[in-house]
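Please read the structure below before turning to the comments.
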Amino acid sequence: MGQLAIALPCLPGGADKLRQLAEECAGARRADFEDFHRRVGLDAERWFLQQIPQGELCLIVLDGDPVGALGKLAASEHEFDRWFADRVQEVHGVDLRQPLPGPPPEMVFVG
């Protein structure tokens, strides 16, 4: 199993949109979210909000095949995947249909 941690800043108002997205993925769209995980190869996903002087930062931890999952999401035409990618873009300004900006994070310690 692989793991990837990503830190993305939230756009103004993005933290509230992230909370709303979390509610939808845990509630009304839970079955779609679980199906998405199965289709793209994710075992778990966790989102954290961190207040920093510049605003709010979202920390995302993906377990399973996160690199493969991001590639599958980028190429997907599935209705839920497009909806999810659109919501992420509203929260962070990042288009998951494109490669993530910058190099992948560097793991520097496992304790």
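Note on Val61: it clusters hydrophobically with Leu57, by side-chain heavy-atom contacts below 4.5 Å among ILVMFWY residues. Ile52 and Leu49 are members of different hydrophobic clusters when ILVMFWY side chains are connected at heavy-atom separations under 4.5 Å.
Using a 4.0 Å cut-off between a side-chain N of Lys or Arg and a carboxylate O of Asp or Glu, Glu34 and Arg30 qualify as a salt bridge. Salt bridge absent: Lys17 and Glu56 never bring a charged side-chain N and a carboxylate O closer than 4.0 Å. In this structure, Arg38 does not pair ionically with Asp43, as no charged nitrogen and carboxylate oxygen lie closer than 4.0 Å.
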After noting the C-alpha distance and the side-chain angles of Leu4 and Leu70, does the key distance pass the side-chain contact (heavy atoms from CB on, under 4.5 Å) rule?
CA-CA 11 Å; Leu4 179 66; Leu70 290 171; 3.9 Å; yes
Intermediate values then yes/no, salt bridge (Lys or Arg N to Asp or Glu O under 4.0 Å), Arg46 and Asp63:
CA-CA 9 Å; Arg46 292 172 300 288; Asp63 295 328; 2.9 Å; yes
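Taken to the nearest 0.5 Å, the CG atom of Asp86 stands 7.0 Å off from the CD atom of Glu90. To the nearest 0.5 Å, atoms CZ (Arg19) and SG (Cys10) are separated by 8.5 Å. Atom CZ in Arg82 sits 8.5 Å away from atom CZ in Arg97 (nearest 0.5 Å). Within the model, atoms CG of Leu62 and CD of Glu45 stand 5.0 Å from one another, a figure rounded to the nearest 0.5 Å. Rounding to the nearest 0.5 Å gives a distance of 12.5 Å between CG of Leu21 and CG of Asp16.
Scanning all heavy atoms of the two residues, the minimum distance from Gly68 to Asp65 falls at N-OD1, 3.1 Å. Listed here is the closest heavy atom pair of Leu8 and Val94: CD2-CG2, 4.0 Å. When all heavy atoms of Leu42 and Pro66 are compared, the pair lying nearest together is CD2-CA, 3.9 Å. Taking both residues in full, the closest heavy atoms of Val91 and Gly14 are given as CG1-O, 3.6 Å, listed atom of the first, atom of the second, then distance.
Gln51 places a side-chain N or O within donor-acceptor distance of the main-chain N or O of Gly55, the cut-off being under 3.5 Å. Between the Arg39 side chain and the Ala69 main chain, no donor and acceptor come within less than 3.5 Å of each other.
Under the ring pair (Phe, Tyr, Trp, His ring centres under 6.0 Å) criterion, the residue pairs touching residues 35-54 are Phe33-His37, Phe36-Phe80, Phe36-Phe84, with sequence neighbours excluded.
The ring pair (Phe, Tyr, Trp, His ring centres under 6.0 Å) check on His92 picks up nothing, with sequence neighbours excluded.
Members clustered with Leu11: none, using a 4.5 Å side-chain heavy-atom cutoff among hydrophobic residues.
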